[in-house]
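Structure below; questions to follow.
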Amino acid sequence: MTGRGGLHMAQIILCLVTFVLGMFRGGSTHTYWNYAMFTWAFCPIMTLVITVIEMFGLDKILDLFCMDWGDFTTGMAMSSSLMTISVAITYANFYACLKCLYGWIVSVFAFLCGVLYILEVVKDKFMDKKKGSYLAALPGFWKVLEAFVSCMIFVSLTGYRDKTALILCVIAYIIPFPILPLIIATNILKKLKKCLPFNLDRFTFIFLVISVVLYIFTAIMWPIFTFRNNPRPNDCPPSFCIWAIQFMVTFFTYVNLILFTVDLIFTLLGICGFKRT
C-alpha cells in the first residue's frame with residue numbers, strides 16, 4: 001500500500017470511528033449534529049470511492065475522457081478538510097463542556113479527521129506539487145467556499161417562520177445554492193462543458209451578479225428584522241442561545257457577500273485564474 005493509500009485508509013477508519021462515537025452519544029434534532037453526522041459519512045465514502053477507482057486504474061480512463069483526476073482528488077481533499085475542521089469546531093462548541101467527557105472524546109477524533117485531510121492537501125499541493133485545473137485551483141475552490149458558507153447558513157437558520165421578510169431572505173439564500181454545485185460539476189467534467197449550448201463562463205458571470213444582489217438584500221434585511229427590538233439576552237451562551245445562532249447567520253451572510261463580490265470582481269478583471277467574459 002502506498003503512502004497515499006495508507007492516508008486514505010486512515011481517513012476512512014477515523015471518520016467512521018468518529019461517526020459511530022457520535023451515534024452512540026445519542027440522536028439529536030439539532031441541525032449542527034445532523035451536519036456533523038453527514039460530514040463523517042460523506043467524507044469517508046468519497047475517499048473510499050476515490051481509493052477504489054485508483055486501485056483498479058479507472059482514474060486513467062476518467063483522466064483521459066472525462067475529467068482532470070488529479071484536480072478532482074486534490075479538490076475533494078480540500079473540501080473534506082474544510083468540512084471536517086468546521087464540524088470539529090461546531091461539535092466542540094455544542095457538545096463539549098467541563099463535565100462532558102464523551103463530547104470531548106468525539107471532538108478530539110473529529111479534529112484528527114480534519115488533520116488527516118489537511119495532511120493530504122499539504123502532500124498534494126506542496127510535496128507532490130500538483131497544480132489544479134479548476135477544483136484545486138482558486139476559481140473552483142472559491143466556488144466550494146461559497147457553497148460551504150451557504151451550507152453553514154442553512155444549518156444555522158432559525159426563528160424565521162413567522163416573519164415574511166426573513167422568509168424572503170431564506171428564499172434569497174436558496175436561489176444561488178443549487179446552481180453552485182452544477183457550475184462546479186460542469187467545470188470538472190470537461191466533455192460536458194464542451195457540449196453545453198451556451199457559454200458557461202458568461203452564465204457564471206450572470207449568476208455571480210444575481211448572487212451579489214441577493215446577498216446584498218439579505219445582508220440588509222436579515223439583521224434588521226432579526227435584531228430590531230431584540231437585544232442580546234444577558235444569559236446567552238453561544239451553544240444554546242437562539243440569538244447567537246441568528247447572529248451566526250448574519251456573520252455568514254456577510255462572509256458569502258464578500259466571497260461572491262470578490263469572485264465577481266476577479267471574474268471581471270480576469271485575474272488569479274478567473275476567466276474573464
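Fair warning: this is a prediction, and the values are worked out from it, not measured in the lab.
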- From T18 atom OG1 to I105 atom CD1, the distance as rounded to the nearest 0.5 Å: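 Separation between the atoms: 11.5 Å.
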- Query: Between S107 and A92, what is the shortest heavy-atom contact and its length?
  - Reply: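 Closest pair (atom of S107, atom of A92, distance): OG-CA, 3.4 Å.
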- Query: So, for T226 and Q246, which heavy atoms are closest and what is the spacing to 0.1 Å?
  - Reply: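 That closest heavy-atom pairing would be CG2-OE1, 3.4 Å.
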- Task: With rounding to the nearest 0.5 Å, note down the distance linking CE in M221 to CD1 in I216.
- Result: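 CD1 of I216 is found 14.0 Å from CE of M221.
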- Item | Intermediate values then yes/no, side-chain contact (heavy atoms from CB on, under 4.5 Å), W142 and F266 | CA-CA 11 Å; W142 205 266; F266 280 16; 5.5 Å; no
- Message: Using 0.5 Å steps for rounding, measure from the CG atom of L208 to the CG atom of L259.
- Response: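 If we round to the nearest 0.5 Å, L208:CG and L259:CG are 11.0 Å apart.
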- Message: Looking at K163, I'd like to know if its NZ atom is crowded, meaning that more than 12 non-hydrogen atoms belonging to other residues, nucleotides or ligands lie closer than 6.0 Å.
- Response: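 Yes, the 6.0 Å shell around NZ holds more than 12 heavy atoms from other groups.
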- Under 4.5 Å between any side-chain heavy atoms of F227 and F247, yes or no?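 Yes, their side chains come closer than 4.5 Å.
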- Could you walk me through whether F154 and F177 pass the side-chain contact (heavy atoms from CB on, under 4.5 Å) test, one step at a time? CA-CA 10 Å; F154 291 132; F177 181 68; 3.6 Å; yes
- Message: Any heavy-atom pair between the side chains of W243 and P233 that's under 4.5 Å?
- Response: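 Heavy-atom side-chain distance check passes, below 4.5 Å.
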- L257, V213: one ILVMFWY side-chain cluster at the under-4.5 Å cut-off?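 Different clusters: L257 never reaches V213 through Ile, Leu, Val, Met, Phe, Trp or Tyr contacts under 4.5 Å.
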- Message: Students often mix this up, so state it plainly: with edges at 30° and 60°, are the rings of F260 and F207 parallel, tilted or perpendicular?
- Response: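 The rings of F260 and F207 stand perpendicular, inter-plane angle above 60°.
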- Using the rule that two of Ile, Leu, Val, Met, Phe, Trp, Tyr join whenever any of their side-chain heavy atoms come within less than 4.5 Å, decide whether L135 and Y117 are in one cluster.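 No; Y117 is not reachable from L135 via cluster members.
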- Query: Can you name the nearest heavy-atom pair linking N229 to P231, along with the distance?
  - Reply: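 Closest approach of N229 to P231, heavy atoms only: C-CD, 3.6 Å.
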- Message: Are V144 and V49 linked, directly or through intermediate hydrophobic residues, by side-chain heavy-atom contacts shorter than 4.5 Å (ILVMFWY only)?
- Response: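 Result: yes, single cluster for both.
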- Query: Atom CZ of F38 and atom CD1 of I45: how far apart are they, to the nearest 0.5 Å?
  - Reply: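 Rounded to the nearest 0.5 Å, the CZ-CD1 separation comes to 8.5 Å.
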- Taking the six-membered ring where the residue is Trp, are the ring centres of Y91 and W33 under 6.0 Å apart?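 When the ring centroids of Y91 and W33 are compared, they turn out to be at least 6.0 Å apart.
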- Query: Which class fits the ring pair F203 and F198: parallel under 30°, tilted 30 to 60°, perpendicular over 60°?
  - Reply: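 F203 vs F198 ring planes: tilted.
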- Query: What's the shortest heavy-atom distance between A36 and V87, and which atoms?
  - Reply: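 Nearest heavy atoms, A36 then V87: CB-CG1, 3.6 Å.
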- Task: Rounded to the nearest 0.5 Å, what's the gap from CD1 on I61 to CD1 on I53? Could you check?
- Result: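 Result: 10.5 Å between the selected atoms.
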- Distance (rounded to the nearest 0.5 Å) between L200 CG and L182 CG: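 Taking CG in L200 and CG in L182, the distance rounds to 10.0 Å.
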- Task: For this output row, return yes or no: ring centroids of Y95 and Y102 closer than 6.0 angstrom.
- Result: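 Centroid separation for Y95 and Y102: 6.0 Å or greater.
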- Between N256 and S150: side-chain donor-acceptor atoms closer than 3.5 Å: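 The answer is yes; a qualifying pair exists.
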- State, with a plain yes or no, whether a side-chain heavy atom of P223 is found less than 4.5 Å away from one of Y254.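 Contact flag for P223/Y254 side chains = yes.
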- Item | Distance-only donor-acceptor check, side chains Y32 and S156, under 3.5 Å |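 Y32 vs S156: donor-acceptor pair found between side chains.
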- Under a 4.5 Å cut-off applied to non-hydrogen side-chain atoms, are L214 and P176 in contact?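 Yes, at least one pair of side-chain atoms sits under 4.5 Å.
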- Task: Taking the side chain as every heavy atom from C-beta outward, state whether V20 and L16 have any pair of such atoms under 4.5 Å apart.
- Result: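 Answer no - side chains too far apart.
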- Task: May I ask you to check whether E54 and W69 show a side-chain donor-acceptor distance below 3.5 Å?
- Result: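 Side-chain D/A pair, E54 to W69: present.
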Counting only pairs under 3.5 Å, give me each side-chain donor-acceptor contact of residues 5-12, with atom names and distances, residues two or more places apart or in other chains.
{"from": "H8", "atom 1": "ND1", "to": "T51", "atom 2": "OG1", "distance (Å)": "3.1"}
{"from": "H8", "atom 1": "NE2", "to": "E120", "atom 2": "OE2", "distance (Å)": "3.0"}
{"from": "Q11", "atom 1": "NE2", "to": "L116", "atom 2": "O", "distance (Å)": "3.3"}
{"from": "Q11", "atom 1": "NE2", "to": "E120", "atom 2": "OE1", "distance (Å)": "3.0"}

- Item | Min side-chain heavy-atom separation F225-T164 under 4.5 Å |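 Counting from C-beta outward, F225 and T164 never come under 4.5 Å.
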- Item | Residue pair D63 / D68: nearest heavy atoms and the distance that separates them |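 So the minimum-distance heavy-atom pair works out to OD1-CA, 3.4 Å.
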- Item | Where I224 and R228 come nearest, the two heavy atoms and their spacing |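 Looking at all heavy atoms of both residues, the shortest contact is O-CB, 2.9 Å.
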- Are side-chain heavy atoms of F126 and V121 found at a separation under 4.5 Å?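 A side-chain contact under 4.5 Å is absent here.
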- ILVMFWY cluster, I89 and L82 together (side-chain gap under 4.5 Å):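 No; tracing contacts between hydrophobic side chains, which count when under 4.5 Å, never links both residues.
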- Examine I167 and Y215 and state if one hydrophobic cluster contains both, with Ile, Leu, Val, Met, Phe, Trp and Tyr joined whenever side-chain heavy atoms are less than 4.5 Å apart.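 Result: yes, single cluster for both.
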- Is it the case that S86 and Y35 place a side-chain donor and acceptor less than 3.5 Å from each other?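 Checked: S86/Y35 side chains pair up, N/O donor to acceptor below 3.5 Å.
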- Check the side chains of Y173 and T253 for a donor-acceptor pair under 3.5 angstrom, ignoring hydrogens and angles.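 Looking only at side-chain atoms, Y173 and T253 do form a donor-acceptor pair, the distance falling under 3.5 Å.
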- After noting the C-alpha distance and the side-chain angles of F148 and S79, does the key distance pass the side-chain contact (heavy atoms from CB on, under 4.5 Å) rule? CA-CA 9 Å; F148 167 75; S79 302; over 6 Å; no
- Is F111 atom CZ crowded by more than 12 heavy atoms from other residues, nucleotides or ligands, each under 6.0 Å away?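 Check passes, neighbour count above 12.
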- Taking the side chain as every heavy atom from C-beta outward, state whether T267 and T204 have any atom pair closer than 4.5 Å.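 Answer no - side chains too far apart.
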- Task: Ignoring hydrogens and angles, tell me if any N or O in the side chain of T84 forms a donor-acceptor pair with the backbone of S81 under 3.5 Å.
- Result: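 Pair found, side chain donor or acceptor close to backbone of S81.
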